[in-house]
Protein chains: 2
Amino acid sequence: MPKDTGTRAEQRARTRRTLIRQGRRLFAEHGYGQVGLAGIVAAAEVTKGALYHHFDGKAALFRAVLEEVQQEVGASVAGAADAHTDPWEQLTSGCRAFLTASTAPDVRRIMLVDGPAVLGWREWRALDEASSAHHLREALASLVDAGILAPQPVAPLANLLSGAMNEAALWLADSGGEQDLEDVWSALSRLLESLRDN
Amino acid sequence: MPKDTGTRAEQRARTRRTLIRQGRRLFAEHGYGQVGLAGIVAAAEVTKGALYHHFDGKAALFRAVLEEVQQEVGASVAGAADAHTDPWEQLTSGCRAFLTASTAPDVRRIMLVDGPAVLGWREWRALDEASSAHHLREALASLVDAGILAPQPVAPLANLLSGAMNEAALWLADSGGEQDLEDVWSALSRLLESLRDN
DNA sequence: TAACTCGACATACCGTTGGTATGTGAAAGG
DNA sequence: CCTTTCACATACCAACGGTATGTCGAGTTA
């Protein structure tokens, strides 16, 4: 594995990616508070100088990791939704994709548990909004426009559903099969179904 | 304010209460990670020796603080629910009480943001279960028994609703009036209403 | 191509933090 | 009274996040 080869931009990008990768691994495995910079830079086979050259500090590295996680989840949700043309199926498949994606252990810990505490809920919410929350709000809005959902403010409803799915993902990841995905999904889809007009 | 008076048990209890009080204040104001033991013991006018005599460490103090917060919220929910005899009104008034109680700044930060990250989601959930979550589950169960809700597993539904309300409380506390309690509450009560059979 | 610049780190160091080991003086018990 | 016990206070430590400075090679210029 050549490490100090290639152009400078390549080396820079590779170091940054390695820091994010190892940071993500360690943050996911032990939690933000239990991971030291020493462990991260050792795993990445660099020094603290490199970390502070790329990021403003520990929290900034975590933010970069969280952004990566959020983007993956958002892409998964968008991909699932775009596979359908019917707006209702777009909503349900998007929600289901969110559930399965955010049940992964690293997503769970980084995005759902440590994220708000480390970055503050406000900034966490901004990242969530940019990556996947707006999908939900837009899906609900188009359902209201199509008359499938009763006319109502979509923003509060989107927040409620988002919180419900976050909690569901936490339960799923924790119970580890004891409470199956299908049980939670049937409860969530029943909830969504009950919202339909008529 | 006499500090070193009274029996030993009284002194002990007073010191413990003071530590919890000041810890709660500082944790709520600055967040768990930004608060040092030095600040806590200074505010409580004791030393670290006292803190470690009463608690196993920083996280254990936080746990005691969180337990107090949870119990207050739980008592508020139970009180609101017990004020009604109709099971549906018990549910709705309990949910509304939860919303208003957990919108308070210290409850929000300690219980909803830092709690899961500091203690781990599993332990956090256990405390939540003991204090208020079981109220929700029991209310839903009796509504199913009464035929007001369609027969369904209540545990997953309770989790979804709990998550929805947590997120709603975070939004409420953050927007600070911009997004009013009534907006969120109307969305939540609409959601609950849509669950009713017929 | 030789001299120079600059960026991508490495090294050495610092203040603060959570945690521990030990000391102490007053209240409880006989 | 004397002893024990307990509720802390004091002194200390290792580890942590963060910073200031040094270094060396790739890129640029003459």
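Here is the naming used below: chain letters follow the sequence lines, and residue numbers restart at 1 for every chain. Quick caveat: nothing in here was measured; it's all calculated off a predicted structure.
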Just to verify, what does B:R16 make a salt bridge (charged side-chain N to carboxylate O under 4.0 Å, His left out) with, not counting sequence neighbours? none
A:D106: what forms a salt bridge (charged side-chain N to carboxylate O under 4.0 Å, His left out) with it, not counting sequence neighbours? A:R24
Pick the closest DNA chain C nucleotide for A:A9 and for B:A38 by heavy atoms, then say which residue is nearer the 5' end. A:A9
So, using side-chain contact (heavy atoms from CB on, under 4.5 Å) as the criterion, who are the partners of A:A60 when residues are at least two apart? A:F55, A:D56
Sorted by chain and residue number, the salt bridge (charged side-chain N to carboxylate O under 4.0 Å, His left out) partners of A:E89 (sequence neighbours excluded) come out as none
Any side-chain N or O of B:T15 under 4.0 Å from OP1/OP2 of D:dC8? yes
Taking only the side-chain nitrogens and oxygens of A:H53, find out if one of them lies under 4.0 Å from OP1 or OP2 of C:dC9. no
Is there a side-chain polar atom (N or O) of A:T7 under 4.0 Å from OP1 or OP2 of D:dA26? no
Return the polar atom pairs (N/O with N/O) between nucleotides 18-22 of chain D and the protein under 3.5 Å, or none.
unit_1	atom_1	unit_2	atom_2	d
D:dG18	OP2	A:Y52	OH	2.8
D:dG18	OP2	A:K58	N	3.1
D:dG18	O5'	A:Y52	OH	3.1
D:dG18	N7	A:K48	NZ	3.0
D:dG18	O6	A:K48	NZ	2.3

Sorted by chain and number, sequence neighbours left out, ring pair (Phe, Tyr, Trp, His ring centres under 6.0 Å) with B:F62 holds for B:F27, B:Y32
Counterpart residues, side-chain contact (heavy atoms from CB on, under 4.5 Å), relative to A:H53 (two or more places apart): A:R12
Counting only pairs under 3.5 Å, give me each side-chain donor-acceptor contact of residues 97-104 of chain A, with atom names and distances, residues two or more places apart or in other chains.
unit_1	atom_1	unit_2	atom_2	d
A:T100	OG1	A:R96	O	3.4
A:T100	OG1	A:A97	O	3.0
A:S102	OG	A:F98	O	2.5
A:T103	OG1	A:L99	O	2.6

side-chain contact (heavy atoms from CB on, under 4.5 Å) partners for B:V113, two or more places apart: A:P116, A:A117, A:W121, B:L170
Going by the rule side-chain contact (heavy atoms from CB on, under 4.5 Å), which residues pair with A:P153 if we only count those two or more places apart in sequence or in a different chain? A:P156, B:R190
Where along residues 22-36 of chain B does a heavy atom come under 4.0 Å from DNA chain C, residue by residue in number order? B:V35, B:G36
Check: protein-nucleotides 24-26 of chain C nitrogen or oxygen pairs below 3.5 Å:
none

